[in-house]
Amino acid sequence: MKAPADYLSHLNPAQRSAVEHFCGPLLVVAGAGSGKTRTLTYRVAHLIRNHSVDPENILAVTFTNKAAREMQERIQLIFAQQLAEQTYSHPLESLPLQEQTALRSRAYKRYIKPLWMGTFHSLFARLLRFDIDKYRDEKERKWERNFTIYDESDAQSLVKNIVTRQFDLDEKKFDPRSIRYAIGNAKNLGHSPQDFAREQQNYRGRVIGEIYDAYQTRLAENNALDFDDLLLVPARLFEQNESILGYWHDRFRHVLVDEYQDTNRIQYRLIRLLSTNGEPHRDRWSWQQRSIFVVGDADQSIYSFRMADFKILLEFQEDFGDGLPDDDTRTMVKLEENYRSRSNILEAANALIELNTERIDKVLRPTRGCGATIYCYKADNELVEAQFVRDRILDLRRADPELDWGSFAILYRTNAQSRALEDALRSEIPYIIVGGLKFYDRKEVKDALAYLRALVNPADTVSLLRIINTPRRGIGQATVDRLVAAARELGMPLWHVLQDETSVKTLAGRSAKAVQRFALTLQTWQSQVTERSAAEILDGILSDSGYYSDLQNQGTDEATSRLENLKELANAVIQFAEENEDLSLEGFLANASLASDLDNLEEGQQAVSAMTLHSAKGLEFPVVFLVGLEQGLFPHNRAIDDPAALEEERRLCYVGITRAREQLFLSFTRERRLWGMAREPALQSQFLQELPSELLESNIVPQRLPRKSVERDRPTVGTVSATAAIQNWQIGDRVIHQTLGPGEVTLVMGEGAKTTLGIKFPGLGTKIFDPKFAPMRRVEASAN
DNA sequence: AGTACTGACTTTTTT
DNA sequence: AGTCAGTACT
C-alpha cells in the first residue's frame, strides 16, 4: 500500500470519519480486507499533522511487531513527502536519492522515533524498563530494571524444575505444561497466587496454587518475568501507584488498539487504566485532548486459548461511550466494504460465518468481481495433498509469469502439518515456513542468548545453569547440585557462590578449577556490558567460553550449520543496532525474547509462505491453499464437543478464506499419518459442507473421462455471458473476450461443467475465468 | 566424577 | 529436532 500525502482522498466515507475522529472513544468495526490498516495508519498521521498532536503522546498497540514496523514505515513516508513539499516544493520522488534519504531520516527522527508503537508485550516491557523497580508484589517480591524475559519454554522448564526438584511431585500427574498453562490463565485474568489459591476447591488446585507461588518467587530470584507478567505487573503497578499511572496517563493522550477482539482482560485493564487514569466514575473522565480508538472484528477472534475475549470488543461502547442516545454513530464506525477478495470468495466466507450464533451482524460487501471458482481437492493422504499444492503452484506460475512465489500461501491448522508440505516443495519451490520451530528456539541460539543474559542479569540462574557446562568444561551434575545447594543454604544467588572462593574450594580440585575458570570468563565480559557493543560481546563471550571452538572441533555438518546460525544471530544483533540506533547488549536482549518469526516475513519475498492460520491473521495473498480440512484436525478434536470452541474454529476458517485475493484452494485427505502413528482414516471437515456447494468445484465425485461430456460441445446460444459454455478446453486455445480482447488459454483446471481457465491477454497479464460465465468466445482451436 | 550413547517422547493455536 | 532419563564406559 502506498501512503500518499493526500491520503484523505483515498478513503471511503466510513474510513474517513474514523480517520478524522479526534477526541473521545471510537470503536471501528472493521471486517476482513476493509482497509483497517490503512485507516489506523492515516489516523496516526492525521492526529500529528492536522491536530498537532505530539507523536510522543500517542500509544499504538499492534498485534505483531511486523505490523508496527510496517505502519511506522508508511507514516514515515507520509511525513517525508510532506517535508519534501515544504522544503523544496517538489514531490519526494522527484528529488535526488540522497535528499530523499535525508528527508526520510528527518521524518523518522521527528515523527516516528517518539511514537510508542508495538505489541502489548513489547510496549509494556519497555515501560517496565523505566518503572519496575518501584513495584512490589503482595509478598514483597521485587525486580530490577535489567530483568530478563523468559519465553514459554524457559517458563515451562522453571515450572518443571519446581515440580520435580522443589515439590518432589510426579511429573506425569502434575504435567509442567498444563500447570504453566493454568498459571498463565490465572495471570491473564489478573489473579495473584493468593487469589488463585482462594478459588481452589480440591487438592490438585491447591498444589498448583503453591507451585504458582513458588514460581513467582523463583522468577523474582532470577530477576525474570514471563510473558504474562509483562502485562500483569504494569497493571498492578498502575493500581498501587497513582503517580506512576498519572505520569503515563498524561503521556499517552491518544491510545489506539488494533485487533481489539483478541484483547484479554489484563490488556483491557491496562488500556482502561491509561485512558481513564483509574477513575472509577464515568463523570470524572475527561476526553479533552484525549482519545481511545480501537479497531477489531469479532468474527476474527481466534485467541481465546490465551484468554482473549471478544466480548470486550462488543462491550466497548458501554465501557467507554458516554451513553447518549445517538451512541452508535458517535462512538462506532463500521467498515464493511471489502477491497481484497473476489466476490465468490467473500460469499463463501460470509455464508460460513453466518452459522455462528455469537456475533454482531455484519456482512462483507464485495467491491471486486467474481473470480475463479473455489476448488476443493480430496487427496489420498498428506503426501498427495502436498503434491497437489506443489503442482497447482507450478501450473499457475507457468500460466502467469507475473505471479511470483510470494503470491502463494499455504495455511494449516497445526505446525506439524508443515513436514509433508516441505518434503513436496523442497526441490522445486522456494518456500519459507513461518513460525513453528523458530530461529530463537534453536539450541545454539538459546545457548548464546543464555550467555548474554547471564552477563546482563547475573541473578538469572536459569540461564546460568543452561551454560555452566555447555560446552563441556568438567562441571558435571554432581558439582552443579552442590553449588545450587550451597546457594540455597547461604540464601544467595548461584552466581555469588560461583565467585566465592571459599565455597568453590570445597569442591574437588578439578571441578573447582573448572568453576573458577568459568566464573572468571563471565566476570571479564560482565565488566564489558556497558563498555562494548552487543556484537563485540557476543563474539567475545562465545570465543572465550570455548563455544565456538567446541563447534569447530566437531567438524560435522550439524556443527557447521550451528555456526552459521550463530553468524545469523550476530547479524540480527547488528541489524537491531542499526535499526534502533542502540548498540547496547541490554537493548538487544530486551527485544530478542519478544521477536517472532512472523516479524521477519518480508513482503515481496521470493518464496511461498507456509504458516498456521493463526500466523496468517492480518496477511493477504493472491492465491491461498487451505489444507488439512478434516474433521478432528480442523476443526480440531479438542474443539468439536464445545460449541464455543467450535465457533472459534469456524472463525479461524473464516480468517483463512478471507486471506485470499484471487483464488482459493481447499484440500483434505482420506487418511493422514500424524507423528509416526499408523495412518488414520479421515473425514472431511464439516466446514466444507457448510460452504455453499454451488461456490465449489471439486474432485470428490469421481469425474468421467472428458470425451463423454463433449457431446454438449456446442456454445449455448442466446445468452451474452455464456457464449463459451461447456467445451473441451485445451492449453493454446484462443479466445476473444468482450472487454479484454484476444487472449490465449494457458491453464485448464477441472473438466466438463467444472472447468476453470487461465487466459493470458497480451499486456494485461493472465486472468482466471469460469468459461460458463465469462463473456467471451473461442475463435480457433489449438493446433494440437 | 564426568561423559557418551541410546531410546522414548514430543505437537493446537502464540506474545 | 531437541530434551531427558537410564546406562555403561573412562
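As the structure is a prediction and not an experimental result, all values here were calculated from the model. In what follows, chains are A, B, ... by sequence order, proteins preceding strands, each numbered from 1.
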_Any base atoms under 4.0 Å from A:Glu152, or only sugar-phosphate, or nothing? Heavy atoms, all strands._
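Result for A:Glu152 = base.
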[N] phosphate, OP1 or OP2: any side-chain N/O from [X] under 4.0 angstrom?
| X | N | result |
| --- | --- | --- |
| A:Asn469 | B:dT3 | yes |
| A:Arg482 | B:dA1 | yes |
| A:Arg177 | B:dT10 | no |
| A:Asn415 | B:dT14 | yes |
| A:Thr479 | B:dA1 | no |
| A:Arg472 | B:dA4 | yes |
| A:Asn637 | B:dT12 | no |

All side-chain hydrogen bond (donor to acceptor under 3.5 Å, both in side chains) counterparts of [X], not counting sequence neighbours:
| X | value |
| --- | --- |
| A:Asp481 | A:Gln477 |
| A:Asn637 | none |
| A:Thr62 | none |

_Side-chain donor/acceptor of A:Arg413 to base of B:dT12, under 3.5 Å_ = yes
*Can you find an N or O donor on one side and an acceptor on the other, under 3.5 Å apart, linking the side chain of A:His121 with the base of B:dT15?*
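A donor-acceptor contact between them is present.
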Atom-pair distance ([atom1] on [X]; [atom2] on [N]), nearest Å:
| X | N | atom1 | atom2 | result |
| --- | --- | --- | --- | --- |
| A:Leu613 | B:dT13 | CG | C1' | 9 Å |
| A:Leu633 | B:dT13 | CG | P | 11 Å |
| A:Lys513 | B:dA1 | NZ | C1' | 17 Å |
| A:Ile302 | B:dT12 | CD1 | C1' | 12 Å |
| A:Leu507 | B:dA1 | CG | C1' | 12 Å |
| A:Asp226 | B:dT15 | CG | P | 15 Å |
| A:Leu230 | B:dT15 | CG | P | 13 Å |
| A:Gln477 | B:dA4 | CD | P | 15 Å |

*asked:* Working note: A:Tyr215 + A:Tyr150, criterion ring-ring contact (aromatic ring centres under 6.0 Å, His included); need CA distance, chi angles, decisive distance, verdict.
replied: CA-CA 12 Å; A:Tyr215 173 74; A:Tyr150 282 172; 8.6 Å; no
Of the candidate nucleotides [options], which contains the atom at the shortest distance from the side chain of [X]?
| X | options | result |
| --- | --- | --- |
| A:Thr612 | B:dG2, B:dT15, B:dT13 | B:dT13 |
| A:Ser511 | B:dT15, B:dA1, B:dT14 | B:dA1 |
| A:His614 | B:dT13, B:dT12, B:dT15 | B:dT13 |
| A:Glu649 | B:dT12, B:dT3, B:dA1 | B:dT12 |

*Mind checking what makes salt bridge (charged side-chain N to carboxylate O under 4.0 Å, His left out) contact with A:Glu73, not counting sequence neighbours?*
none
*Once each nucleotide of nucleotides 2-7 of chain C is scored for protein heavy atoms under 4.0 Å, what B/S/- sequence comes out, 5' to 3'?*
SSS---
_Positive for side-chain hydrogen bond (donor to acceptor under 3.5 Å, both in side chains) with A:Ser304, one of A:Arg651, A:Glu647, A:Glu648_ = A:Glu648
*asked:* Between A:Val480 and A:Arg638, which residue's closest nucleotide on DNA chain B lies nearer the 5′ terminus?
replied: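 First, find each residue's nearest nucleotide; the 5'-ward one identifies A:Val480.
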*asked:* Both A:Phe120 and A:Arg510 contact DNA chain B. Which one's nearest nucleotide lies toward the 5' end?
replied: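 Its nearest nucleotide lies further toward 5', so the answer is A:Arg510.
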_On a heavy-atom basis, which atom in A:Gly474 and which in A:Asn469 lie closest, and how many Å separate them?_
N-OD1, 3.4 Å
*Is the backbone N or O of A:Leu551 less than 3.5 Å from a side-chain atom of A:Gln554, with the two atoms forming a donor-acceptor pair by type?*
no
_A:Phe130: ring pair (Phe, Tyr, Trp, His ring centres under 6.0 Å) partners, not counting sequence neighbours_ = A:Trp248
